[in-house]
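Input: a single structure, listed below in structure tokens.
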Amino acid sequence: MTDVQELLLSRIRDVEDYPEQGVMFKDITPLLADPAAFAALTDAFAETARRTGATKIVGLEARGFILGAPVAVRAGLGFIPVRKAGKLPGATLRQAYDLEYGSAEIEVHAEDLSAGDRILVVDDVLATGGTAEASLQLVRRAGAEIAGVAVLMELGFLGGRARLEPALAGAPLEALLQV
């Protein structure tokens with residue numbers, strides 16, 4: 001494990017039985033409150049953006065906004081929020097996807113993405129991969145390319161990587177921590 005990975009992991013708090021019994025929630029608020037840890041995370045993602053040739057960062061609601069916006073600034077790129085349906089004004093592209101129990105929809109302003117854009121999708125956790133997969137479909141529908149996906153933590157036991165592989169179409173999925 002690298003020094004950066006050790007620092008990040010040391011600032012993630014486990015919360016038992018949240019949001020429901022039997023779930024071990026990974027709380028990143030201590031990491032965000034630590035300027036050294038937050039800067040290390042931002043730097044690592046900004047390096048991923050440079051290495052993948054990203055031209056814009058997409059952050060997934062809601063923690064992907066917190067992580068993705070400083071990455072975009074650090075890398076000198078634009079930032080585009082992908083939001084839950086009904087939260088963006090004006091013309092949007094919408095993508096539905098299945099959840100464990102039901103379905104959901106996400107949206108993006110179509111004019112914020114265009115052909116020639118290479119998008120790095122940033123989020124805090126890759127769990128089952130449903131939201132990330134829907135975001136990749138949305139980015140492609142807007143005419144942009146996928147540079148990759150970068151997450152702080154991958155919950156490998158939930159199978160998100162396997163679900164995402166077809167949608168990535170060879171683009172990298174980088175997880176700083178495997179949990």
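Everything numeric in this text was worked out from a predicted model, so none of it was measured.
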For Y97 and T131, does a side-chain donor sit closer than 3.5 Å to a side-chain acceptor?
yes

Nearest heavy-atom pair of R13 and P30: which atoms, and what distance?
CB-CG, 4.0 Å

Charged N-O contact under 4.0 Å between E107 and R83
no

Would you find a donor on one side and an acceptor on the other, under 3.5 Å apart, between the side chain of Q5 and the backbone of T2?
yes

Do you reckon L126 sits in the same ILVMFWY cluster as I119, going by side-chain contacts under 4.5 Å, direct or chained?
yes

Which value, rounded to the nearest 0.5 Å, describes the distance between M153 atom CE and D123 atom CG?
9.5 Å

Around atom CZ of R63, are there more than 12 heavy atoms from other residues, nucleotides or ligands closer than 6.0 Å?
no

Measure across A147 and T52 and return the closest heavy-atom pair with its distance rounded to 0.1 Å.
O-CB, 3.6 Å

Can a salt bridge be assigned to the pair K26 and D14 using a cut-off of 4.0 Å between side-chain N and carboxylate O?
yes

V151 side chain near D124 side chain, heavy-atom distance below 4.5 Å:
no

Going only through I, L, V, M, F, W and Y residues with side-chain contacts under 4.5 Å, is there a path from L32 to F45?
yes

Quick one: do E174 and R51 make a salt bridge, cutoff under 4.0 Å?
yes

Counting only N and O atoms by type, is there a donor-acceptor contact under 3.5 Å from the side chain of H109 to the main-chain atoms of P89?
yes

In the structure I gave you, are the side-chain heavy atoms of V108 and T92 within less than 4.5 Å of one another anywhere?
no

So L155 and L158, side-chain contact (heavy atoms from CB on, under 4.5 Å) or not? Walk me through it.
CA-CA 6 Å; L155 306 180; L158 292 175; 4.0 Å; yes

Could you state the interatomic distance from CG (D27) to CZ (R11), rounded to the nearest 0.5 Å?
13.5 Å

Taking A44's backbone N and O only, do any of them form a donor-acceptor pair with T48's side chain (distance below 3.5 Å, no angle check)?
yes

Check ion pair E133-R163 (N to O, under 4.0 angstrom):
yes

Mark yes or no for whether T55, through its side chain, and R118, through its backbone, hold a donor-acceptor pair below 3.5 Å.
yes

Is there side-chain contact between R140 and I146, with heavy atoms separated by less than 4.5 Å?
yes

Following the transitive rule for hydrophobic clusters with a side-chain heavy-atom cut-off under 4.5 Å over Ile, Leu, Val, Met, Phe, Trp and Tyr, establish whether L152 and F79 coincide in one cluster.
yes

When clusters are formed by joining ILVMFWY residues with side-chain heavy atoms under 4.5 Å apart, either directly or through shared neighbours, do V122 and L173 land in the same one?
no

Any idea which heavy atoms bring V121 and S135 closest together, and the distance?
CG1-OG, 3.7 Å

Using the rule given for side-chain contact (heavy atoms from CB on, under 4.5 Å), can you reason through F38 versus I66, listing the C-alpha separation, both sets of side-chain angles and the distance that settles it, and then say yes or no?
CA-CA 10 Å; F38 197 11; I66 297 168; 4.2 Å; yes

Under the salt bridge (charged side-chain N to carboxylate O under 4.0 Å, His left out) rule, what do E154 and R161 come out as? Steps first, then yes or no, please.
CA-CA 8 Å; E154 179 181 352; R161 182 175 291 267; 2.7 Å; yes

Trace of the side-chain contact (heavy atoms from CB on, under 4.5 Å) decision for E145 with D117:
CA-CA 6 Å; E145 296 176 39; D117 282 335; over 6 Å; no

Can you name the closest pair of heavy atoms from G22 and D17 and give their distance?
N-OD1, 2.8 Å

Hydrophobic clusters here meaning ILVMFWY residues chained together by side-chain heavy-atom distances under 4.5 Å, can you tell me if V125 and V149 are in one?
no

Roughly how far, to the nearest 0.5 Å, is the CG atom of D112 from the CD1 atom of I80?
5.0 Å

Shortest non-hydrogen contact between G129 and L164, atoms and distance:
O-CD2, 4.0 Å

First locate atom CD1 of I106, then atom CG of L60, and finally report the distance between them rounded to the nearest 0.5 Å.
6.5 Å

Taking it one step at a time, do V4 and L176 satisfy side-chain contact (heavy atoms from CB on, under 4.5 Å)?
CA-CA 9 Å; V4 169; L176 295 178; 5.7 Å; no

When rounded to the nearest 0.5 Å, the distance separating CG of L9 from CD of E6 is 8.5 Å

Within a reach of under 6.0 Å around CZ of F25, are more than 12 heavy atoms found that belong to other residues, nucleotides or ligands?
yes

When you measure from the side chain of D34 to the backbone of L31, do you find a donor-acceptor pair of N or O atoms at a distance under 3.5 Å?
no

Testing the basics here: between G68 and I57, what is the closest heavy-atom pair and its distance to 0.1 Å?
O-CG2, 3.8 Å

Do Q95 and E105 come close enough that some side-chain heavy atom pair is under 4.5 Å?
no

